[in-house]
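Okay, so here's the structure we're looking at.
This one's a predicted model, so the numbers in the text were calculated from it and none came from an experiment. Throughout, a chain's letter reflects where its sequence line sits, starting with A, and its residues are numbered from 1.
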2 protein chains.
Amino acid sequence: MHVDDLPIEQKIKYVQDTLFVISGKWKLPILIAISQGSNRFRDIQRQVLPITTRVLTKELRDLEQNKLVIRTVYDTSPVLVTYDVSAYCKSLKPLVDEMILWGKNHRKKLIE
Amino acid sequence: MHVDDLPIEQKIKYVQDTLFVISGKWKLPILIAISQGSNRFRDIQRQVLPITTRVLTKELRDLEQNKLVIRTVYDTSPVLVTYDVSAYCKSLKPLVDEMILWGKNHRKKLIE
DNA sequence: CTGTATCCATGATGATACTG
DNA sequence: CAGTATCATCATGGATACAG
């Protein structure tokens, strides 16, 4: 089944679902930071400045709920927590690549 | 130049640019409505209910600024205004199609 | 280190009325 | 018809302090 064959209401619904998962100021920057090797809370926060702890916590919880991030708690003292992108998260790559390309071109377009 | 070769900060910046242009509750539904033939303010509003005039005005201005929508004012009485998607707007199709596909699959994924 | 709790500022959105 | 103006509401996000 091809995308173009979907009824318009379905298209809008699916697009809005996707936007809901990835939109906002922080979610993709966080995913990119984690996938580049920032696996600890502080590491991510430093990479994605100026995000606050409160907001970062919430964003990580959202991403975990959507199965894009895996949170692992080690029972050490002090407690160690790691964040990793899931295998499922890789399914976002074509979409993110499209966004990068479009955003890159759009900058030029606006200057015209 | 390939997307993967971009430095991480650039990737994040371009993705955020893209998100800024298309995200939010209304922008893509409005673009879809216009491209399907709703070219007048009232037509769009009826198609994208329950959007208010105030919000629709703002969203259309944003889309116009980003060159995705063309607003034409005819000097008649009463005044006639039409909205059309630009040729540039078509460049969004690969991105929107990816979003539709991903959102469609994501619904299934969350049920697992 | 990894968060939680609290308070507060800001912006986005809605309701309604009104204008040319 | 195509908006603008005004007021009210609400969610989001930031600042800061603190806890385990």
Atom-pair distance ([atom1] on [X]; [atom2] on [N]), nearest Å:
X	N	atom1	atom2	result
A:I30	C:dG3	CD1	P	12 Å
A:L56	D:dA15	CG	P	14 Å
A:L49	D:dA15	CG	P	11 Å
B:L80	D:dA2	CG	P	7 Å
A:D43	C:dG3	CG	P	12 Å
A:Q45	D:dG14	CD	C1'	12 Å
B:K27	C:dA12	NZ	C1'	11 Å
A:F41	D:dG20	CZ	C1'	15 Å

query = Taking the inter-plane angle between the rings of B:Y88 and A:W102 on a 0 to 90° scale, is it parallel (under 30°), tilted (30 to 60°) or perpendicular (over 60°)?
reply =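 Ring orientation, 0 to 90° scale: parallel.
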message = Using every non-hydrogen atom in the two residues, find where B:K93 and A:D4 come nearest and quote the distance to one decimal.
response =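 Scanning both residues, the minimum pair turns out to be NZ-OD1, 3.0 Å.
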key: Separation of A:S86 OG from A:L92 CG (nearest 0.5 Å)   =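 One finds 8.5 Å between CG of A:L92 and OG of A:S86.
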ask   = Going by an N to O cut-off under 4.0 Å, is there a salt bridge joining A:K11 and B:D97?
value =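 Salt bridge absent between A:K11 and B:D97.
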ask   = A:R61 or A:P78: which one's nearest nucleotide on DNA chain C is closer to the 5' end?
value =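 Nearer the 5' end of the strand: A:P78.
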ask   = Can you check side chain to side chain donor-acceptor pair (under 3.5 Å) on A:D17 and B:H106, steps first, answer last?
value = CA-CA 8 Å; A:D17 283 354; B:H106 188 59; over 6 Å; no
message = Can you tell me whether the side chain of B:T52 and the base of C:dT13 have a donor-acceptor pair closer than 3.5 Å?
response =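 Check fails, no donor-acceptor contact within cut-off.
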inquiry  = Taking atom types as they are modelled, would you say the side chain of A:R54 forms a donor-acceptor pair with the base of C:dT4 within the 3.5 Å cutoff?
reply    =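 Answer is no: no donor-acceptor pair is held.
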task = Mind checking B:K25 for me? I need base, sugar-phosphate or nothing, with any heavy atom below 4.0 Å counting as a touch.
result =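 Here B:K25 touches the backbone only, sparing every base.
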[X] side-chain proximity, nearest of [options]:
X	options	result
B:V81	C:dG3, D:dG3, D:dG14	D:dG3
A:V79	D:dG3, C:dT4, D:dG20	D:dG20
B:R71	C:dC1, D:dA2, D:dG3	D:dG3

inquiry  = Does C:dG3 have OP1 or OP2 under 4.0 Å away from a side-chain N or O of A:Y83?
reply    =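 Indeed, a polar side-chain atom of A:Y83 lies that close.
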